[in-house]
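Reviewing the structure listed below.
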Amino acid sequence: MSSSALSLPLTVQPHHRSSSASSPASPSQLKQLHAHLLKAGIPLSSAVSLSDVASLCGVSDAASFAYARSLFRHCYSSTTPELILWNSCLNALSSSSPSDALLLFSRLRFADILPDTFSCSFTLKACSRTSSLSLGKAVHALIEKLGFQVDVFLLNTLLHMYCRCEAMIDARRVFETMPVRDVVTWNILITQYTKLGVMEIARELFEVMPERSVRSWTALIAGYVQCGQPKEAIQLFQEMENAGCQPNEVTVVAALAACADLGALDLGERLCKYAKSCGFLKNVRVCNTLIDMYIKCGCVDIARNVFDGMTERTVVSWSAMIGGHAMHGQGEEALELFTKMEESGIRPNSVTFVGLLHACSHMGLLDEGRRFFTSMIEDYGLVPEIEHYGCMVDLLSRAGLLEEAHEFIRKMPVEPNGVVWGALLGGARVHKDIKMGEEAIKHLVKLDPSNDGYYVVLSNIYADAGHFDAAAQVRRLMRDQGVKKTPGWSTITINSVTHEFVAGESKHPQTEEIYKKWDELLHEMKLRGYVPDSSVVLLDMDEAEKEHVLYRHSEKLAVVFGLMNTPPGSTIRIMKNLRVCSDCHAALKLISEITDRQIVVRDRNRFHSFKNGTCSCRDYW
DNA sequence: TTAGGGTTAG
């Protein structure tokens, strides 16, 4: 009943009660209703649901509580034992307002009423949700005193409480001494270890558990994804299929997230088909993850189709899609979508604004970016986080406003991180500002001395300005700091087999043919004006050697391999661990033109889609 | 009337 009945009290259905999930009436509404029903002569018990009463119990003043108890007695006491009413309230409050559930439990104890296993279970749930370890321990003691230690259900709740409070010694003690364990017991513990990032123990438990449910598999798959081990997640998913266990919505979400991380489009597509056949696409979270998977696998158009086809969208759906357009250099689409989002009445959150600011910085939309930054604070009351500051510094410094960017960093209320200084450094490179580059690197070296990327950029700035001695000094600095260059790798997946290419390595069985094909391409590229840009090579060697190093960059090898092993006209998709270097960027533009192929490269920041000699980033990256 | 797994930024 609740709200509809409250607005039209005389139409109350005598035996219709709301479930505890529906929103309870407020105390004042309830009092109003109470008065109304008394006048109309309708018995109170037929109109007041337990969850309504529960909402009253949440009121901490003694008068309201007394009123709630009188309602209890008035409505139910002739037919139902009072403890069930307490339990119903505890149940409702443990989800809606756990601190009130704890308060109610203390009142129950104070009233000298003996709790049963249900009361304890609801109270432990409230302890979990409020991380009240000491109260949880008190309930544990009570459980032992009352002899409830044989109830698996209750002990699982207890175990869960200890896990949520990260009291793993207590959790293990409960687990070890449980007289009976069921699959839920194991799942709780496995999930906790995945949350703590201890995947080895989670896996061990998974291996030895006597019986597994879909949730056991899913918990471990999701754990691998959360711990940044998507390959293991996919492997386990395949094991799960082989074991004949049917993935459900949650499993699909976890597996799709792994595909997104890996750029594993083939499996992602298969999961999409499976989800469709099971009717999972009605589930918003499945669709959200599906959108993310398609975006991160380079298929922004398909992602948009999924998005457009959704009947219900959450802030996550909108944010994912806006961020996706931004990542693919589609700034206008991102901004248009934001307008639609506002029209639809969904309130943007801080992630939405990260996507929007990304879109602006990738497109050089200075004024819009500033506007969004102000709007998120003033119109939406959001507090900017480090990511937002990073986007703003990126936006300003790319636009050439390096002084303003620097000033912005100095005024930031949060400590700038490597992303923020890195953005200033990037701007300094584009605008050939040595002073600002040096300022940025000063902080970057302190924050992250082992990251070689920054040195490369600084050296490029020097080399650009003709300061070759300074460039050499950077190389010395790198050596002195013990900085090793992160090997660049690129992967391409063909017929479900992922081929990895590491810069300079020649491990792939088709290496000879790849080099041969590259030489042919190089000839054609040079005819079209390609000049190798060896400034990106930070090694002491002569020009010819530098060019040789350049020609063995992993994304070039992967693209050539792709050209050789995929049908003409098909899109080539590459994943790269670092950012695309400027020489490869120029080369891939030409290759897309010469071979009439679309080449989509996912680098660590964004997507580059090369087609007909141009890139979707419009060379602004 | 009680317990366990999920999505967007990086």
Side-chain angles (χ1 to χ4, degrees), chain A residues 19-20 50-51 54 80 83-92 94-95 115-126 128 148 151-161 163-164 182-192 194-195 202 212-223 225-226 228 247-258 260-261 280 283-293 295-296 303 307 313-324 326-327 348-358 385-388 390-391 417-419 604-605:
Chain A
S19 72
S20 59
L50 287 173
S51 65
T80 328
L83 189 58
I84 288 196
L85 303 174
W86 284 92
N87 286 351
S88 302
C89 291
L90 282 170
N91 185 15
S94 66
S95 326
D116 63 4
T117 55
F118 292 100
S119 333
C120 292
S121 186
F122 298 132
T123 307
L124 284 171
K125 184 177 169 189
S128 300
F148 294 158
D151 187 319
V152 195
F153 219 110
L154 181 58
L155 290 194
N156 282 343
T157 319
L158 182 68
L159 177 66
H160 185 232
M161 184 276 298
C163 287
R164 283 285 292 263
D182 63 11
V183 65
V184 178
T185 318
W186 291 87
N187 290 352
I188 292 169
L189 207 54
I190 288 171
T191 303
Q192 182 57 19
T194 69
K195 294 242 155 79
R212 294 172 190 150
S213 67
V214 194
R215 284 184 177 229
S216 323
W217 290 94
T218 307
L220 201 60
I221 292 169
V225 177
Q226 280 150 16
N248 64 16
E249 277 120 314
V250 185
T251 325
V252 169
V253 165
L256 279 172
D261 286 345
F280 292 169
N283 181 316
V284 187
R285 300 225 263 203
V286 171
C287 287
N288 291 347
T289 321
L290 195 57
I291 288 173
D292 187 50
M293 183 279 291
I295 287 168
K296 293 200 176 133
F307 177 86
R313 300 183 191 103
T314 64
V315 63
V316 176
S317 332
W318 290 95
S319 305
M321 201 59 238
I322 288 172
M327 224 184 275
N349 65 13
S350 70
V351 181
T352 323
F353 280 99
V354 172
L356 275 175
L357 293 173
H358 262 140
E385 292 157 31
I386 193 79
E387 288 83 3
H388 304 101
C391 290
N417 63 8
V419 177
R604 63 180 302 164
N605 263 352

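Residue numbers start from 1 in every chain, and the chains themselves are labelled A, B, ... in the order their sequence lines are given, proteins ahead of strands.
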Touch class at under 4.0 angstrom, heavy-atom based, for A/T314 against every strand present: nothing
Sugar-phosphate only, base, or nothing, as touched by A/Q192 at under 4.0 Å among non-hydrogen atoms: nothing
Touch class at under 4.0 angstrom, heavy-atom based, for A/D151 against every strand present: nothing
Qualifying residues under side chain to side chain donor-acceptor pair (under 3.5 Å), relative to A/E385, sequence neighbours excluded: A/S350
Of A/D261 and A/V316, the one whose closest DNA chain B nucleotide lies more 5': A/V316
Chain A footprint on DNA chain B, 5' to 3' - any atom under 4.0 Å from a heavy atom: B/dT1 to B/dG10
A/D116/A/S119 under side-chain contact (heavy atoms from CB on, under 4.5 Å): CA gap, chis, key distance, verdict: CA-CA 5 Å; A/D116 63 4; A/S119 333; 2.7 Å; yes
Step-by-step side-chain contact (heavy atoms from CB on, under 4.5 Å) determination, A/S94 to A/T123: CA-CA 7 Å; A/S94 66; A/T123 307; over 6 Å; no
Sugar-phosphate only, base, or nothing, as touched by A/D292 at under 4.0 Å among non-hydrogen atoms: sugar-phosphate
From CA spacing to verdict: side-chain contact (heavy atoms from CB on, under 4.5 Å), A/N87, A/F122: CA-CA 8 Å; A/N87 286 351; A/F122 298 132; 3.9 Å; yes
Where A/S216 and A/N187 come nearest, the two heavy atoms and their spacing: OG-OD1, 2.8 Å
CA sep, side-chain torsions, deciding dist, call: A/V419, A/I386, side-chain contact (heavy atoms from CB on, under 4.5 Å): CA-CA 9 Å; A/V419 177; A/I386 193 79; over 6 Å; no
Touch class at under 4.0 angstrom, heavy-atom based, for A/A222 against every strand present: sugar-phosphate
Sugar-phosphate only, base, or nothing, as touched by A/V286 at under 4.0 Å among non-hydrogen atoms: base
